[in-house]
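Read the structure below first, then the notes.
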Amino acid sequence: MKNWDVIVIGGGIIGFSLAIELRKKGSSVLVVERGEPGREASYAAGGMLADCTIETPSALQPLATASARMYPEFVHELQVESALPVDLRDQGAIVFPPPEHVYERPGFTLAKLLPAPLAELEPALAEPNRPAFYVKERSVDPRGLTAAALAAAKRRGVDISSGDAVTAVNLSDGRVSGVTTKRTSFHAPKVVNCAGAWAGQIAPHAFPTRPVKGQMLCLISPARELLKHVIRSPEIYLIPRSDGRILVGTTVEEAGFDKRTDVTTIQRLHRAAIALVPELRNAKILEDWAGLRPGTPDSLPILGATATPGYYVATGHFRDGILLAPITAHVMAQLIEGKSPDHDLANFSPARFQNE
Ligand SMILES: Cc1cc2nc3c(=O)[nH]c(=O)nc-3n(C[C@H](O)[C@H](O)[C@H](O)COP(=O)(O)OP(=O)(O)OC[C@H]3O[C@@H](n4cnc5c(N)ncnc54)[C@H](O)[C@@H]3O)c2cc1C
């Protein structure tokens, strides 16, 4: 009977990034994925690597900053190992803050925070005089990223079981001994739950993760370079890809595990995109979809060892799981190896939910 050093539950970007990191350190690893690898939140995401937004919780800032710094190398390695291209862009973001945040006083204007006049930076914007600022950040195509992570994991010798859900983590003498799936069981002394929005459904620990739905629209612009920067306004964001696609997002909905889109919402996103960039009127609608972010009660990820020896969790990355994948893999691999992680994970401990 085959045994692995570590079983990773869930083949999203978090599960694969961690599996690769563990493999690099010499562990044998099995990823067990319920469906097709990389087809849930990691497929639905926009891919902004926004490490210093107003919404980033302060407790998350050190991990967000560290992960953003790791990205060029993270993507480079995945590209080399998978031989697949990953669209990583570093043109930055133009942010239109909500009116209540626009703070202008004599001698200071938000325009000073732009490297050039808005009309030069993004000529296609409808309102070249609207208060805006520039943020240095990258964006990545999460579908390409996850596909490259899957291919790189295979190439490194990570085993993958797909199309079979883990139903329980098995214990023997109070320690982890593997997992039971709908069809079989797999053996390992260490198991990591990276099952995203579904992480709470696997016994024995009911992590308080919940699905937070986001609907997205994808347009293809006739002019490939219509937009250079990510554009964020209070209503929507626009994320340009290098092939001319422009993603329009999103909603933040408590709708259970329902991944359907609705016409009214998609039309609203479409209208808001055209109001921001009128030329998008001529763009074709390529696709719309919805995905389920792994939310937690305090909007912070759950990272660390559980009370059950050998059982770990890395989930709950909510709106930042693409950004946080490299640092999550790094610190979780250190922890699983028995080392002390480079970052203090106390704020993310699964123990904080023990009494819920
Ligand atoms: C619309 C939208 C926009 C987003 N935009 C951004 C963004 O711009 N930037 C950013 O950083 N993040 C963004 N996110 C968040 C990001 O997508 C997530 O935080 C991240 O993908 C979580 O990765 P994951 O691997 O934990 O989850 P997932 O990708 O959901 O992977 C979990 C996997 O576990 C599997 N699984 C579940 N249960 C079981 C089981 N019992 N047995 C085996 N396998 C199981 C699932 O099938 C799934 O493949 C966005 C999310 C959405 C929905």
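Along the sequence shown, residues are numbered consecutively beginning with 1. Ligands are counted one by one from 1 in listed order, and the atoms in each one are counted from 1 as well.
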> Looking at residues at least two apart in the chain, or sitting in another chain, which of them share a side chain to side chain donor-acceptor pair (under 3.5 Å) with Asp262?
Replying inline: Gln215, Thr265
>> Taking side chain to side chain donor-acceptor pair (under 3.5 Å) as the criterion, tell me which of Arg155, Arg156, His76 meets it with Glu81.
In response: Arg156
> Are Phe257 and Trp198 close enough that their ring centers fall under 6.0 Å?
Replying inline: yes
>> Whether Lys2 and Asp159 form a salt bridge (side-chain N of Lys/Arg under 4.0 Å from carboxylate O of Asp/Glu) is what I want to check.
In response: yes
> So with a 6.0 Å cut-off around NZ of Lys24, is the heavy-atom count from everything else above 12?
Replying inline: yes
> Name the residues in contact with ligand 1, where contact means a heavy atom under 4.0 Å away: which are they?
Replying inline: Ile9, Gly10, Gly11, Gly12, Ile13, Ile14, Val32, Glu33, Arg34, Glu40, Ala41, Ser42, Ala44, Ala45, Gly46, Gly47, Met48, Ala165, Val166, Cys194, Ala195, Gly196, Trp198, Ile202, Gly214, Met216, Tyr237, Thr250, Gly291, Leu292, Arg293, Pro294, His317, Phe318, Arg319, Asp320, Gly321, Ile322, Leu323
> Has the side chain of Glu33 got a donor or acceptor atom that lies under 3.5 Å from a matching backbone atom of Gly35?
Replying inline: yes
